[in-house]
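As structure tokens, the structure follows; a few thoughts come after it.
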Amino acid sequence: MISKPPGIEDIFPDRVFKWNFILDAARNVFRIFNYKELIVPIMEFTEVFSRGIGDDTDIVSKEMFTFEDRGGRNLTLRPEGTAGIVRAYVENGEYNRLALNKFFYNGPMFRAEKPQRGRLRQFNQLGAEIFGSEDPYYDFEIISVVDSIAKSIGIENYTIQLNSIGCRECRGAFIEKLKEYYSLHTDKLCDDCRKRLNTNPLRLLDCKKENCRALREAAPVISEHICGGCSDHFSKVKMYLDRSGIKYKIDNYLVRGLDYYTRTTFEFTADNLGSQNAFAGGGRYDYLVEQFDGKPTPGVGFAAGIERMLLLIEESDIDEPGVDVYIIHSGGESLEKGFDVASQLRKNDFSVDLDPEVKGFKNQFKKAERANASFIVIIGEDELLKGQATVKNRKTGTQIDIGFHVLSSLLMSLIETQ
RNA sequence: GUGAUCGUAGUUCAAUGGUAGAGCCCUGGAUUGUGGUUCCAGUCGUUGCGGGUUCGAGCCCCGUCGAUCACCCCA
């Protein structure tokens, strides 16, 4: 038997329904906040990601599905959404059309990681990006959008972790201080952290090893080293959050694994996700557009994992509605009558199902049950003789007889008034 | 990529190295027209795959593939 590759899922209807519930809720939030949908390719030139995300990040250095196409071009299945959107934004000169753009997107992403709970090789994200303003209001707005989506799909018990990692200038100075400090203690660092000291010193703060954690206690703290501009920016973000009643926790050690972030970074975490505890994350990226040779344009955005949100609402009973009518018949003329009713109702936008094969009534009642039908129409020998069909309201159990000539129209009004 | 645990029917799980089984699901019947409760019967297997040890392997050993969880990292 042929199976699917590791870390890739088939999604069957019961999960698809919840999936669409999440997407619909998100789309509604995006509408409320006036974001427009953007659809960009799943494949890009590899350079889009190496330049956008950073060559030294784990994602680029060891997690991308990269291949040569038949023309010898170096392509990669997108590991995240932002880089491709920035590429599209720059390539199409969107900043010449509007000073400010608010986009949202959703779709599959690919990372060649070892799968575990909440971590897949093909996973789906929905996210948004704002281009064209460095106003802290927009940092708040992005967080507020995620918060609204989480609330509207019924996720409870999540925490918003918030940090500012500074801008081009002050971050550089902070990193120097960090390097200075950790260089004095290289003997106590783990192997990974010794490498990080050169490649990505900010990540030193993120290490979970005991020794490294202990060292962190006395390490320079970022909030004390960001410049006045960044500090002011961060205060305003917090002010907006406070005003709108969105609770958050400052986490000076929140460092994200993509190089493009500046100033505000945030994560939405939930306890019951296992060790992959973030279901959304994002932040500001004021230099990313110029890194793609675009006109310098600040930006801020987020991405949320659909499968992880699905894990969080798995227990909630969001049930797919059933069909309006299920038709039970005994073949021959009774099937023909049932067929006519089904056609009539379907033309009028009602949902109907039936099994054309002649089976026992018990079998058909089971199917009506499984289809979660609101009404069951029974057309058998007796009904044909009487010239009336039996209509049963499945929830109340009451049934009435209705003449065939008014059956369709009466059914429709019954469904609408129930 | 590293580590731990685990792979038996569609599914959930049994089976001191000695003939592969049960619940659920599914199909049919008890009930010649009223489903979600009973009762009865039936279908479904190269025990993930490949080697090895043994008179004999689902069970032990090696390899391989896959899954789960954790590390790493992130959504």
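Naming convention: chains lettered A, B, ... in sequence-line order (proteins, then strands); numbering from 1 in each chain.
Across the protein-nucleic acid pair, A:Arg111 atom CZ and B:C72 atom P stand 17 Å apart, rounded to whole Å. Residue A:Glu267 contributes atom CD, which lies 7 Å from atom P of B:A75 at whole-angstrom precision. In this structure, NZ of A:Lys367 is placed 17 Å from P of B:U34, rounded to the nearest angstrom. Nucleotide B:G10 holds its P atom 14 Å from the CZ atom of A:Phe12, rounded to whole Å. The separation between A:Ile143 atom CD1 and B:A75 atom C1' is 16 Å, rounded to whole Å. The nearest whole Å value for the distance from the CE atom in A:Met309 to the P atom in B:A75 is 13 Å.
Ring pair A:Tyr35/A:Phe104: centre-to-centre distance not below 6.0 Å. Ring centers of A:Tyr137 and A:Tyr240: under 6.0 Å apart, within the cut-off.
If A:Phe279 and A:Arg117 are placed on RNA chain B by their nearest nucleotide, the residue sitting closer to the 5' end is A:Arg117.
Nucleic acid contact for A:Gly380: base, since at least one base atom lies under 4.0 Å from a heavy atom of the residue. Within 4.0 Å of A:Gln122, counting heavy atoms only, lies no atom of the nucleic acid at all. As judged by a 4.0 angstrom heavy-atom cut-off over every strand, A:Lys392 is placed among the base-contacting residues. Among the protein residues, A:Gly127 comes within range of no part of the nucleic acid, since none of its heavy atoms lies under 4.0 Å from any strand. Among the protein residues, A:Ile378 comes within range of the nucleic acid bases, having at least one heavy atom under 4.0 Å from a base atom. Counting non-hydrogen atoms under 4.0 angstrom, A:Gln399 reaches a base of the nucleic acid.
The nucleotide whose nearest atom lies closest to any side-chain atom of A:Lys114 is, among B:G28, B:A75, B:U2, B:U2. Of the candidate nucleotides B:G33, B:A67, B:U27, B:G33 has the atom lying nearest to any side-chain atom of A:Glu383. For A:Ala278, whose side chain is taken as the heavy atoms from C-beta onward, the closest listed nucleotide among B:A75, B:G29, B:U34 is B:A75. Comparing B:C69, B:A75, B:A30 against the side chain of A:Gln116 picks out B:C69 as the nearest.
Per the stacking criterion (ring centres < 5.5 Å, plane angle < 30°), A:Phe123 stacks onto the base of B:A75.
Note on ring orientation: taking the six-membered ring where Trp is involved, the planes of A:Phe266 and A:Phe268 are perpendicular (angle over 60°, cut-offs 30° and 60°). Ring-plane geometry between A:Phe65 and A:Phe110 is classed as perpendicular, the angle between the planes exceeding 60 degrees on a 0 to 90 degree scale with a lower cut at 30. Relative orientation of the A:Tyr89 and A:Tyr95 rings is perpendicular, given thresholds of 30° and 60° on the angle between their planes.
Comparing the P positions of B:C61 and B:G18 gives an interatomic distance of 16 Å, to the nearest angstrom.
Searching all strands for a Watson-Crick or G-U wobble partner of B:C60 with both distances below 3.5 Å returns B:G52. Within the shown strands, B:G23 is the pairing partner of B:U11 under the Watson-Crick or G-U definition, both distances less than 3.5 Å. Base pairing analysis places B:U68 opposite B:A4; the two distances defining the Watson-Crick or G-U wobble pair are each below 3.5 Å.
A sub-4.0 Å separation between OP1 or OP2 of B:G28 and a side-chain N or O of A:Asn363 is present.
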